[in-house]
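These notes are about the structure you will find just below.
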Amino acid sequence: MPFTLATWNINSVRLRAGLVEKLLREEAPDVLCLQECKSPVEKIPAEQFAALGYGHMIARGQKGYNGVAILSKLPIEDVGDMDFAGLGHARHIAGRLENGVTIHNFYVPAGGDVPDREANEKFGQKLDYLTEMRDWFHGDRPEKSILVGDLNIAPREDDVWSHKQLLKVVSHTPIEVDHLGQTQEAGRWVDITRQDIPDGQLYSWWSYRAKDWDAADKGRRLDHVWATADISNAGHSSRILRDARGWEQPSDHAPVFATFDL
DNA sequence: ATGGTAGACAATCTA
C-alpha cells in the first residue's frame, strides 16, 4: 500500500495549529512529521488533528524550544528517541508503521552564527550531534527505514541560492556538509528528494528577515527525506510545497513530501 | 559590515 509522508518545521505547533490543519485537509499526507513544536507534548492540540483522521501521534517535547512529533492516519508504534551530543533536547523520535517501516524524525541543532567550534559552542554541538548520529547508524545499519526532518544543512551547491556566498555561513560550510555526508553514508541513506528531482535549485526554507522572501528567493534546502537503500526505489513523487511559505503567519520552512510504494 | 524578523516566555535565548 503506498503512503505519502511529509516533513515540516512548524516553528510552534500551537501558534500554527491552524496551518497544520490546512495542510492535513488540503494535502492529506498519511504521515506528517513536525519539528520545532516548541511545546510540551501534553499541550500539543492532538484532538484537533485526531478529528481530521490523524488519530495517532507520537511526540517528544519540552517547554519553549525544539520538540518533534509524528501525526499519522496509520497506527504507529513509538520505538524511542536518541539524545545525541547529550544536549537533553527533544530533537528525535522514531516510530514504526504496521508495514514494518521505521520513521526517524530529526531536528538537528542549527549551530549558531559562527562556524567555528572554538568561538561558538553551538557549532561544536551541531558537529558532535551529526558525528554521534553517524556512529549510531554505523553500528545499527538501519533497514526498511525513512529519515526525515530539519537537518539544518543544505549539502549541495544547488540547495542554496548562492554556493559561493554561503560557504562560510552556518548550514552550508564544507565541514557541515562533510559531517552530513558521513552520517548519510553510515546508514546507507538515499536522498529521496534528490533522487526524484536531481537537477536545479531546490529550497525548503526562506528567512523571515528578507523583505520579500518570494521575490528575493534566497532559500536553502534544510529539510530532507531519506530512505535506506533497500526501500529507496519505492520512493517517488517528491515535492516541496512552496505555497505554504506564503500562507498567513507562516513557518519559515515549507513542507517536503514523498510517496513510498511499500 | 550590519541588521533585518519571528516565537516562547517573561530575562533573554534561539533560530
Side-chain angles (χ1 to χ4, degrees), chain A residues 7-23 33-45 48 59-69 83-92 105-117 119-130 148-155 159-162 164-173 175-177 179-180 203-224 242 244-256:
Chain A
T7 178
W8 195 13
N9 178 317
I10 192 62
N11 188 17
S12 175
V13 71
R14 283 182 280 165
L15 185 70
R16 282 185 251 283
L19 293 191
V20 174
E21 182 165 342
K22 180 176 168 69
L23 186 85
C33 297
L34 298 170
Q35 304 87 36
E36 273 208 275
C37 296
K38 293 184 172 178
S39 173
V41 173
E42 64 273 16
K43 292 189 176 179
I44 298 174
Q48 186 179 341
R60 295 292 184 275
Q62 59 185 95
K63 187 178 170 184
Y65 302 100
N66 311 312
V68 287
D83 177 27
F84 296 122
L87 301 174
H89 296 172
R91 294 183 178 274
H92 171 247
N105 181 15
F106 276 101
Y107 176 48
V108 170
D113 287 333
V114 181
D116 172 357
R117 68 156 72 230
N120 167 23
E121 181 185 39
K122 287 189 173 53
F123 193 72
Q125 290 171 345
K126 180 180 196 173
L127 297 179
D128 292 346
Y129 193 95
L130 290 160
V148 307
D150 178 2
L151 306 185
N152 266 313
I153 296 172
D159 289 337
V160 294
W161 65 276
S162 168
K164 195 176 172 186
Q165 287 185 249
L166 289 174
L167 274 170
K168 293 181 177 175
V169 174
V170 173
S171 73
H172 191 63
T173 64
I175 191 169
E176 290 171 89
V177 171
H179 276 62
L180 188 67
Y203 314 139
S204 64
W205 174 89
W206 295 261
S207 172
Y208 283 125
R209 296 175 187 175
K211 283 193 188 82
D212 183 342
W213 72 272
D214 194 27
D217 201 22
K218 292 183 173 180
R220 307 178 200 169
R221 188 171 70 104
L222 304 180
D223 303 276
H224 299 267
R242 182 185 173 111
R245 181 62 179 81
W247 290 352
E248 182 79 21
Q249 200 173 22
S251 168
D252 46 355
H253 294 253
V256 183

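Within every chain, numbering begins at 1; the chains are lettered A, B, ... in the order of the sequence lines, protein sequences first and strands thereafter.
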Could you tell me how far apart [X] ([atom1]) and [N] ([atom2]) are, to the nearest whole angstrom?
{"X": "A:Lys168", "N": "B:dA1", "atom1": "NZ", "atom2": "C1'", "result": "15 Å"}
{"X": "A:Lys218", "N": "B:dT5", "atom1": "NZ", "atom2": "P", "result": "15 Å"}
{"X": "A:Ile10", "N": "B:dA8", "atom1": "CD1", "atom2": "P", "result": "11 Å"}

So, using side chain to side chain donor-acceptor pair (under 3.5 Å) as the criterion, who are the partners of A:Thr173 when residues are at least two apart?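 Counting only residues at least two positions away or on another chain, A:Thr173 forms a side chain to side chain donor-acceptor pair (under 3.5 Å) with A:Glu176.
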My understanding is that only residues two or more places apart in sequence, or in another chain, count here; which of them pass side chain to side chain donor-acceptor pair (under 3.5 Å) with A:Gln48?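 By the side chain to side chain donor-acceptor pair (under 3.5 Å) rule, A:Gln48 matches A:Glu21.
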Distance check, [atom1] atoms only: [N] and [M], in whole angstrom units.
{"N": "B:dA6", "M": "B:dA10", "atom1": "P", "result": "22 Å"}
{"N": "B:dG3", "M": "B:dA15", "atom1": "C1'", "result": "15 Å"}
{"N": "B:dG4", "M": "B:dC9", "atom1": "C1'", "result": "23 Å"}

Using side-chain contact (heavy atoms from CB on, under 4.5 Å) as the criterion, list what pairs up with A:Arg242, not counting sequence neighbours.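 A:Arg242: side-chain contact (heavy atoms from CB on, under 4.5 Å) contacts with A:Trp206, A:Trp213, A:Asp214, A:Asp217.
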Suppose we screen for side-chain contact (heavy atoms from CB on, under 4.5 Å). Which residues come up paired with A:Ala154, at least two apart in sequence or across chains?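 A:Ala154 satisfies side-chain contact (heavy atoms from CB on, under 4.5 Å) with A:Asp159, A:Val160, A:His172, A:Arg220, A:Leu222 once adjacent residues are dropped.
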List the atom of A:Ser251, the atom of A:Trp8, and the distance in Å for their closest heavy-atom pair.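 The pair with the smallest heavy-atom distance is CB-NE1, 4.1 Å.
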Please compare A:Ala210 and A:Cys37 by the position of their nearest nucleotide in DNA chain B and report the one closer to 5'.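 Nearest-nucleotide comparison on DNA chain B picks A:Ala210.
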Non-neighbouring partners of A:Phe123 that pass ring-ring contact (aromatic ring centres under 6.0 Å, His included), sequence neighbours left out: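 A:Phe123: no ring-ring contact (aromatic ring centres under 6.0 Å, His included) contacts found.
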The contact string for nucleotides 10-15 of chain B, one letter per nucleotide 5' to 3', using protein heavy atoms under 4.0 Å with B, S and - for base, sugar-phosphate only and none, comes out as S--BSB
Under 4.0 Å from OP1 or OP2 of B:dG7: is there any side-chain N or O of A:Gln249 that close?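 Affirmative; the distance criterion is met.
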